[in-house]
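Heads up, the thing below is written out as structure tokens.
All values reported here derive from a predicted model rather than from experimental measurement. Only this structure's heavy atoms are used, side chains among them; waters, hydrogens and symmetry mates stay out. So that the names make sense, note that chain A is the first sequence line, chain B the second, and so on, each numbered from 1.
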Protein chains: 2
Amino acid sequence: MKLLSRQEEIVLLSIWKLGDNAYGVSVREFISELTDKYWSIGSIYVPLERLTEKSMIEAYQGEPSMKRGGRRIRYYRITTKGMEALSEIRKLQNSLWEGFPGPAAS
Amino acid sequence: MKLLSRQEEIVLLSIWKLGDNAYGVSVREFISELTDKYWSIGSIYVPLERLTEKSMIEAYQGEPSMKRGGRRIRYYRITTKGMEALSEIRKLQNSLWEGFPGPAAS
DNA sequence: TTAAAATCTTCTATTAAATAGAAGAAAAAG
DNA sequence: CTTTTTCTTCTATTTAATAGAAGATTTTAA
């Protein structure tokens with residue numbers, strides 16, 4: 001299996017962390033706060049679509065009417081395949097980073 | 001500063017690990033063994049050149065005559081800037097992966 | 001001493017991913 | 001009913017990853 005790209009890793013983990021509140025806008029906010037960087041709309045939605053095509057995440061519709069103005073929300077959840085891809089990249093990272101000085105992983 | 005790409009992370013850390021034996025072919029071998037995957041020549045040399053342009057690594061010539069047939073070897077070492085980029089990406093990974101089930105980082 | 005083989009890098013083309021943001025859809029608020 | 005908000009779709013552009021042929025340099029072997 002091909003390795004996860006950086007952005008795929010970040011987006012996947014964000015979805016995992018956001019639980020039942022993972023959708024385009026919330027993922028973007030989460031990543032912005034985490035990295036303290038600007039992220040364009042496309043830099044979130046394009047990977048979301050690609051990860052969906054690869055079946056690493058799947059989309060589902062939220063409740064028909066939720067508070068606040070806006071379009072119907074397209075939520076995402078991570079799939080088994082997505083979790084496997086994360087585990088694989090983590091194993092690689094563990095080998096690669098072994099012995100590196102500085103703060104250890106949490 | 002822009003985040004390191006996946007391949008940049010892998011190549012940088014390989015150079016760091018290989019110490020005074022880091023050059024194109026040895027980096028490629030190292031990564032192949034680590035990942036148990038095929039890596040084309042270009043998938044190593046292209047990032048090496050880009051990292052050099054970005055001053056995250058620097059090249060130096062090896063001894064004029066070393067054993068084995070072959071062209072003069074172009075060795076690399078990681079720079080301060082390269083180490084900083086690694087530290088930055090590691091910090092991000094530590095936040096991102098916090099709480100993820102499975103083997104912790106080493 | 002030349003030819004062949006080995007080791008290594010340069011070069012360039014192609015494919016894939018990241019980044020950017022305008023435009024539009026849907027719902028709530030005024 | 002118009003405006004404002006929230007959210008996604010779409011598509012263009014830039015950047016990175018992948019591939020491997022070709023060429024350079026050195027050793028080995030004939």
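Taking 4.0 Å as the cut-off between side-chain N and carboxylate O, A/E88 and B/K37 count as a salt-bridged pair.
By the salt bridge (Lys or Arg N to Asp or Glu O under 4.0 Å) test, B/R6 is found to be paired with A/E9, B/E9, residues two or more places apart in sequence or in another chain being considered.
The closest side-chain heavy-atom distance from A/T52 to A/E58 is not below 4.5 Å. Residues A/R77 and A/I57 fail the side-chain proximity criterion, which asks for heavy atoms closer than 4.5 Å. Counting only heavy atoms from C-beta outward, the side chains of A/L51 and A/E8 approach each other to under 4.5 Å. Side-chain atoms of B/L92 and A/I10, non-hydrogen and from C-beta on, do get closer than 4.5 Å to each other.
When the P atom of C/dA17 is taken as reference, atom CD1 of A/I44 falls 16 Å away, rounded to whole Å. Computed from coordinates, the B/E8 CD to C/dA17 P distance equals 16 Å when rounded to whole Å. Taking atom CG of B/N21 as the reference point, atom C1' of C/dC8 lies 13 Å away to the nearest angstrom. Computed from coordinates, the B/L3 CG to D/dT15 C1' distance equals 14 Å when rounded to whole Å. We find that CD of A/Q61 is positioned 14 Å from C1' of D/dT6, with the value rounded to whole Å. Residue B/E29 contributes atom CD, which lies 14 Å from atom C1' of C/dT9 at whole-angstrom precision. Between the C1' atom of D/dT18 and the CG atom of B/L48 lies a distance of 14 Å, rounded to the nearest Å. The CG atom of B/L4 sits 17 Å away from the P atom of D/dT15 (whole-angstrom rounding).
The number of heavy-atom neighbours closer than 6.0 Å to CD of A/E49, taken from other residues, nucleotides and ligands shown, is 12 or below.
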With 3.5 Å as the limit, what N/O pairs link the protein to nucleotides 8-11 of chain D?
{"from": "D/dT8", "atom 1": "OP1", "to": "A/R74", "atom 2": "N", "distance (Å)": "3.1"}
{"from": "D/dT8", "atom 1": "OP1", "to": "A/R74", "atom 2": "O", "distance (Å)": "3.4"}
{"from": "D/dT8", "atom 1": "OP2", "to": "A/G24", "atom 2": "N", "distance (Å)": "3.4"}
{"from": "D/dT8", "atom 1": "OP2", "to": "A/V25", "atom 2": "N", "distance (Å)": "3.3"}
{"from": "D/dT8", "atom 1": "OP2", "to": "A/Y45", "atom 2": "OH", "distance (Å)": "2.2"}
{"from": "D/dT8", "atom 1": "O5'", "to": "A/Y45", "atom 2": "OH", "distance (Å)": "3.3"}
{"from": "D/dT8", "atom 1": "O4'", "to": "A/R71", "atom 2": "NH1", "distance (Å)": "3.3"}
{"from": "D/dT8", "atom 1": "O2", "to": "A/R71", "atom 2": "NH1", "distance (Å)": "3.3"}

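Ring planes of A/Y60 and A/Y75: parallel class, angle under 30° (limits at 30 and 60°).
Within 4.0 Å (heavy atoms only), B/S5 reaches sugar-phosphate atoms of the nucleic acid but no base atom.
If you check residues 30-40 of chain A against DNA chain C, the residues with a heavy atom closer than 4.0 Å are A/Y38, A/W39, A/S40, listed by number.
The shortest distance between the side-chain N/O atoms of B/K2 and the OP1/OP2 oxygens of D/dA16 is below 4.0 Å. Taking 4.0 angstrom as the limit, B/K54 places none of its side-chain polar atoms (N or O) nearer than this to OP1 or OP2 of D/dT15.
Counting only distance, with no hydrogens or angles, the side chain of B/S26 and the backbone of B/N21 share a donor-acceptor pair below 3.5 Å.
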